[in-house]
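Below: the structure, in structure tokens.
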Amino acid sequence: MERMGHGKAQWRERLTTRRIARTGDEQASAAVRLTALIGEIESGPLGRPLRTATIAAYLPQPPEPGDTGMLDALVATGATVIVPKVAPGPPAPLDWARYEDAGQLVVARFGLREPAGAAVGIDAVGGADVVLVPALGVDRRGVRLGRGAGYYDRTLGAAADAALVAVVYDDELFDELPEDPLDVRVGWVLRPGTGFTPLT
Ligand SMILES: Nc1nc2c(c(=O)[nH]1)N(C=O)[C@@H](CNc1ccc(C(=O)N[C@@H](CCC(=O)O)C(=O)O)cc1)CN2
Ligand SMILES: Nc1ncnc2c1ncn2[C@@H]1O[C@H](COP(=O)(O)OP(=O)(O)OP(=O)(O)O)[C@@H](O)[C@H]1O
């Protein structure tokens, strides 16, 4: 039994509360900075030019850090960008769709935006060079805290060759978060004030 106040649920509640309290200014400046920084993925987790790369991203939902500017900047390099489509039913591996521009988006399950077009299948993430993973927080070992449905933990096993990058605010990298056996660790963190940092 975990000590009261230190389990995943408590961390999730604390970090969500802190995010909701972030000002519009902080959210907007984080999005601008992430858009400006995203090209550094080439010298960081990607390790080669974006032009021929496939990036699995996601559509940030306030107060998550970032916005479609970050995705548009990736598309502008020539990279192929895919984003999740959440199917009906209980949590399952994420399906994916090609992201081209914000004009193609519709609001779907959980209020998340997704491309209106056809899904490309759950195996598409296997072709990604880098997966940008949403997180409420991440620790120095790469343990990631998500929203708690396990969508990404069910998905990332199919992305065995990809570099995994958690995207968080600058004050959301911790020494140690709670970890479960099924959690998939990430190798990198991307923060608006700091850029890409490898994790041990
Ligand atoms: N922008 C974004 N897209 C994403 C994720 C994410 O964290 N962020 N996901 C990462 O896995 C997946 C969706 N994950 C979700 C996990 C839990 C709940 C959920 O429990 N929703 C509650 C309301 C509480 C809440 O909003 O968190 C509900 O609708 O009952 C929703 C989505 C796929 N796409
Ligand atoms: N690969 C998996 N197969 C089956 N169940 C899983 C798998 N990974 C996680 N789960 C289950 O999903 C639930 C939520 O997992 P967890 O708390 O790690 O979610 P999370 O990583 O915070 O959420 P998300 O990935 O949606 O952002 C747990 O009950 C966990 O046991």
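Below, all heavy atoms of this structure are taken into account, side chains as well, without hydrogens, waters or symmetry copies. Atoms within each ligand, like the ligands themselves, are counted from 1 in listed order.
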Atom 25 (C) of ligand 1: nearest protein contact (heavy atom, Å) = R147 NH2, 3.4 Å

Could you tell me whether some N/O pair between E64 and ligand 1 is separated by less than 3.5 angstrom?
-> yes

Do me a favour and list the nearest non-hydrogen protein atom to atom 17 (O) of ligand 2 with residue, atom name and distance?
-> R12 NH2, 3.0 Å

Shortest protein contact, atom 25 (O) of ligand 2 (heavy atom only) | Y152 N, 2.9 Å

Are R191 and D171 ion-paired here, with the side-chain N under 4.0 Å from a carboxylate O?
-> no

In the protein, what heavy atom is nearest to atom 27 (O) of ligand 2, and what distance, to one decimal place, separates them?
-> R144 NH2, 2.5 Å

Ligand 1 atoms in contact with V86 (distance to a heavy atom under 4.0 Å) = 33 (C)

Have a look at V165 and tell me which of L46, L132, V133 forms a side chain to side chain contact (heavy atoms under 4.5 Å, CB included) with it.
-> L132

Which ligand 2 atoms does G150 reach within 4.0 Å, using its non-hydrogen atoms?
-> 12 (O), 14 (C), 15 (O), 19 (O), 20 (P), 23 (O), 24 (P), 25 (O), 26 (O)

What residue and atom, counting heavy atoms only, is the protein's closest point to atom 5 (N) of ligand 2, and at what distance?
-> R154 NH2, 3.2 Å

How far is atom 9 (C) of ligand 2 from its nearest protein heavy atom, and which residue and atom name does that atom have?
-> D153 CB, 3.7 Å

Just going by heavy-atom distances, which of V143, L182, D183 is nearest to atom 31 (O) of ligand 2?
-> L182

Using a strict cut-off of 4.0 Å, indicate which atoms of ligand 1 neighbour a heavy atom of Y152.
-> 9 (N), 10 (C), 11 (O)

Please determine if R22 forms a cation-pi arrangement with Y169, meaning its NZ or CZ atom is less than 6.0 Å from the six-membered ring centre and no more than 45° off the ring axis.
-> yes

Using heavy-atom distances, let me know which of P134, G148, P181, P91 sits nearest atom 14 (C) of ligand 2.
-> G148

Give the contacting part of L59 toward ligand 1: side chain, backbone, both or neither, where contact means a heavy-atom distance below 4.0 Å.
-> backbone

Atoms in ligand 1 flagged as close to F110, the criterion being non-hydrogen separation under 4.0 Å = 21 (N), 29 (O), 31 (C), 32 (C)

Answer yes or no: is there a side-chain heavy-atom contact under 4.5 Å between F196 and S43?
-> no

Sub-4.0 Å atoms of ligand 2 with respect to non-hydrogen atoms of K8 | 16 (P), 17 (O), 18 (O)

Against heavy atoms of L94, which atoms of ligand 1 measure under 4.0 Å?
-> 33 (C)

Quick one: which ligand 1 atoms are inside 4.0 Å of a heavy atom on A149?
-> 16 (C), 17 (C)

Ligand 2 atoms nearer than 4.0 angstrom to some heavy atom of R147 are 22 (O), 23 (O), 27 (O)

Who's closest to atom 13 (C) of ligand 1 heavy-atom-wise, of D153, L112, L136?
-> L112

